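So the structure is just underneath, and the comments pick up after that.
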Amino acid sequence: MSRTLPADGLQTTVARILEAAGSSTAEAQQVAANLVLANLSGHDSHGVGMLPRYIDAVAEGGLKPNASVKVNLDIGTLMGLDGQRGYGQIVGVQAMELGIARAKQHGSCIFTLAHAHHLGRIGHFAEMATAQGLVAMHFVNVLSRPVVAPWGGGDGRFGTNPCCIGVPLAGAEPFVLDYATSRVAQGKMRVAHNKGEQVPDGYLIDETGAPTNDPGVVVVPQGNGLFGALMTFGEHKGYGMAVACELLGGALTGGGTWHRPADTARSVLNGMLTVLIDPAKLGTQKAFDDEAREFIDWLRQSPPGQGFDEVQIAGEPERKARVARRQDGIWVDDATWGEIVAAGAKVGVAVA
């Protein structure tokens, strides 16, 4: 069973619950808008289904409402920032605003962000940069129950560790490559489990290390209390990227890496290394615009392959989904909706 809800009404409901959990009105609205935008973009794994976990994390003390980003180091083009366990949708935006201003001033900026609670869809930050004409690169680690197995391993040892690259395109929407280094995002397994669906081969191993198609192995404890694990994309290549994100997003930022047994804490902490470049300051703006446009045009001239209508670039599926879902509504399965209603009840908000 499921329901389809209008984006505006869903955002209002989520904001009410967040505010009741301790956020200021402005913070609650910004976090809610970000979650709903993820749903609109087709990424339900990073959307309103995260709300119940956020409410639990606030209650546990792992997520701090109304926290702001702290500047630990600032030498102009290099900054060390700390999210102080604040909502990633807040401290991540604050960090990007600081970095964008510096990149526009100096031509580039590198910053680290440690101890941010769940940053959500990293593509949101790349879109902030490309809207200002900047190239953006993001490497992120995840401190939560380890749900991804190393290549050649039989259990979870790290998180879904996303990587994101945003490139502005003159006269066109940007290229925004945003992907988990796992074969699929953990949140997508939560959605599939709630819908009662199986997943394709090659996505998962169970708690014994054997291949499985049941998404529940990474969502709920199995008979022995253990969990299964996601596989990395691209075999050893995706595994290598995942390790790079852990080292850059976790170790380099000072936010920490995962190297301990799993616990039941509901908080999800992220570290992020971000590199921002201004092509105008670099002196290649004209060539960059021309060459990028010609290359994208060249890609689109390829005849559609079997089963495809056209060649697309990263970022286009999300933009198309936003148009459709803004018009048709956001689909929410009954299990997820029940969790949202329960989260509201925990903070005294009755959800119709």
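Please read all numbers here as calculations on a predicted model, not as lab measurements.
- At distances below 3.5 Å, not a single donor-acceptor pair connects side-chain atoms of Asn72 with backbone N or O atoms of Leu81.
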### Task
With side-chain contact (heavy atoms from CB on, under 4.5 Å) as the test, would you mind laying out the steps for Lys346 and Asp56 before giving the verdict?
CA-CA 9 Å; Lys346 291 177 181 179; Asp56 289 345; 2.7 Å; yes

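- Checked by atom type and distance alone, the side chain of Glu207 never pairs as donor or acceptor with a backbone atom of Leu226 at under 3.5 Å.
- The existence of a salt bridge linking Asp289 and Arg293 is excluded, since no basic side-chain nitrogen approaches an acidic carboxylate oxygen closer than 4.0 Å.
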### Task
Any chance you could lay out the side-chain contact (heavy atoms from CB on, under 4.5 Å) test for Glu19 and Ser24, step after step, and finish with the verdict?
CA-CA 6 Å; Glu19 189 169 357; Ser24 68; over 6 Å; no

#### Entry: Worked verdict on Arg319 versus Glu127 for salt bridge (charged side-chain N to carboxylate O under 4.0 Å, His left out)
CA-CA 11 Å; Arg319 291 189 287 270; Glu127 289 167 354; 5.6 Å; no

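- A salt bridge links Asp44 with Arg325; the closest basic N to acidic carboxylate O contact falls under 4.0 Å.
- Scanning all heavy atoms of the two residues, the minimum distance from Val218 to Arg145 falls at O-NH2, 2.8 Å.
- How far CZ of Phe111 is from OG1 of Thr77: 13.0 Å, rounded to the nearest 0.5 Å.
- Both the sub-6.0 Å distance and the 45° axial angle are not jointly satisfied by Arg300 relative to the ring of Trp298.
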### Task
Start with the C-alpha distance between Arg322 and Glu316, add both sets of side-chain angles, then the distance that settles salt bridge (charged side-chain N to carboxylate O under 4.0 Å, His left out), and finish with yes or no.
CA-CA 10 Å; Arg322 288 173 197 172; Glu316 289 181 342; over 6 Å; no

### Query
Which is it for Asn141 and Asn161 under the side-chain hydrogen bond (donor to acceptor under 3.5 Å, both in side chains) test, yes or no, and what are the steps along the way?
CA-CA 5 Å; Asn141 85 317; Asn161 291 11; 5.7 Å; no

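- At least one donor-acceptor pair under 3.5 Å links the side chain of Asn66 to the backbone N or O of Gly22.
- Salt bridge present: Asp74 and Arg102 bring a charged side-chain N and a carboxylate O closer than 4.0 Å.
- Gln30 places a side-chain N or O within 3.5 Å of a backbone atom of Gln89 that can act as its donor or acceptor partner.
- For the pair Ile17 and Ile55, the minimum side-chain heavy-atom distance is below 4.5 Å.
- Of all the heavy atoms in Gly238 and Thr181, the pair that sits closest is O-CB, 3.9 Å.
- Formation of a donor-acceptor pair under 3.5 Å by the Thr336 side chain with backbone atoms of Val332 is not found in this model.
- The two residues Met50 and Arg190 make their nearest non-hydrogen contact at SD-NH2, 4.0 Å.
- The closest side-chain donor-acceptor pair between Lys281 and Gln105, if any, does not fall under 3.5 angstrom.
- Between Lys195 and Trp331, some side-chain heavy-atom pair lies under the 4.5 Å cut-off.
- One distance of note links OG of Ser45 with CD of Gln186; it measures 9.5 Å at 0.5 Å rounding.
- A continuous path of hydrophobic side-chain contacts links Leu273 to Met241 [ILVMFWY only; heavy atoms under 4.5 Å].
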### Task
Evaluate the side-chain hydrogen bond (donor to acceptor under 3.5 Å, both in side chains) criterion for residues Thr212 and Asp214: first the C-alpha distance (whole Å), next the side-chain angles of each, then the deciding distance (0.1 Å), finally the verdict.
CA-CA 6 Å; Thr212 181; Asp214 177 14; 5.3 Å; no

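- The shortest distance between side-chain heavy atoms of Glu197 and Pro215 does not fall below 4.5 Å.
- Figure legend: Lys237 and Trp151 shown without cation-pi pairing, the cationic atom not lying both under 6.0 angstrom from the six-membered ring centre and within 45 degrees of its axis.
- The distance from the OG atom of Ser182 to the CE atom of Met189 is 8.5 Å, given to the nearest 0.5 Å.
- Closest approach of Pro52 to Ala343, counting heavy atoms only: CA-CB, 3.8 Å.
- Here the CG-CG distance, from Leu5 to Asn39, works out to 10.0 Å after rounding to the nearest 0.5 Å.
- Under a hydrophobic-cluster definition in which Ile, Leu, Val, Met, Phe, Trp and Tyr are linked whenever side-chain heavy atoms come within less than 4.5 Å, directly or via other members, Leu18 and Val341 are assigned to the same cluster.
- The line from CZ of Arg85 to NE2 of His117 is 8.5 Å long, rounded to the nearest 0.5 Å.
- The hydrophobic clustering, which links ILVMFWY residues whose side-chain heavy atoms are closer than 4.5 Å, places Val135 and Phe125 apart.
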Which donor-acceptor pairs under 3.5 Å do side chains of residues 162-180 form with protein atoms, sequence neighbours excluded?
unit_1	atom_1	unit_2	atom_2	d
Asp178	OD2	Gly123	N	2.8

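- The side-chain contact (heavy atoms from CB on, under 4.5 Å) check on Ala280 picks up Asp278, Gln285, with sequence neighbours excluded.
- Connection of Leu35 to Leu40 is established within a shared hydrophobic cluster, with ILVMFWY side chains joined at heavy-atom distances below 4.5 Å, either directly or through further cluster members.
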### Message
side-chain hydrogen bond (donor to acceptor under 3.5 Å, both in side chains), that's the test. Do His138 and Thr274 meet it? Break it down for me.
### Response
CA-CA 5 Å; His138 310 269; Thr274 296; 3.0 Å; yes

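- Looking at Arg157, its side chain never comes within 3.5 Å of a backbone N or O of Val147 through a donor-acceptor pair.
- Of the candidates Arg266, His118, Arg53, Arg53 is the only one forming a side-chain hydrogen bond (donor to acceptor under 3.5 Å, both in side chains) with Ser144.
- Looking only at side-chain heavy atoms (C-beta outward), Pro65 and Val58 come within less than 4.5 Å of each other.
- Note on Met137: it clusters hydrophobically with Ile110, by side-chain heavy-atom contacts below 4.5 Å among ILVMFWY residues.
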### Task
Before giving the answer on side-chain contact (heavy atoms from CB on, under 4.5 Å), spell out for Asn270 and Leu143 the whole-Å C-alpha distance, their side-chain angles and the decisive distance to 0.1 Å.
CA-CA 6 Å; Asn270 291 137; Leu143 297 182; over 6 Å; no

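- For Glu246 (side chain) and Trp258 (main-chain N/O), a donor-acceptor pair under 3.5 Å exists by modelled atom type.
- In Asn224, the CG atom is crowded: over 12 heavy atoms of neighbouring residues, nucleotides or ligands sit closer than 6.0 Å.
- Smallest separation of non-hydrogen atoms from Glu60 and Thr264: OE2-O, 4.2 Å.
- The neighbour count for Lys104 NZ, taken as heavy atoms of other residues, nucleotides or ligands under 6.0 Å away, is above 12.
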### Task
Show the numbers, then the answer: is there a side-chain contact (heavy atoms from CB on, under 4.5 Å) between Leu230 and Thr160?
CA-CA 8 Å; Leu230 293 159; Thr160 53; 4.0 Å; yes

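- Leu113 and Val69 make their closest contact through CD1-CG2, 3.9 Å (heavy atoms, listed as atom of the first residue, atom of the second, distance).
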### Query
Given Glu318 and His43, is the side-chain hydrogen bond (donor to acceptor under 3.5 Å, both in side chains) satisfied, shown in steps?
CA-CA 8 Å; Glu318 287 82 358; His43 295 288; 2.9 Å; yes

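- With sequence neighbours excluded, the residues forming a ring-ring contact (aromatic ring centres under 6.0 Å, His included) with Tyr87 are Tyr54, listed by chain and number.
- Side-chain atoms of Asp334 and Arg3, non-hydrogen and from C-beta on, do get closer than 4.5 Å to each other.
- Within the 3.5 Å criterion, the main-chain N or O of Gly133 finds no donor-acceptor partner in the side chain of Thr130.
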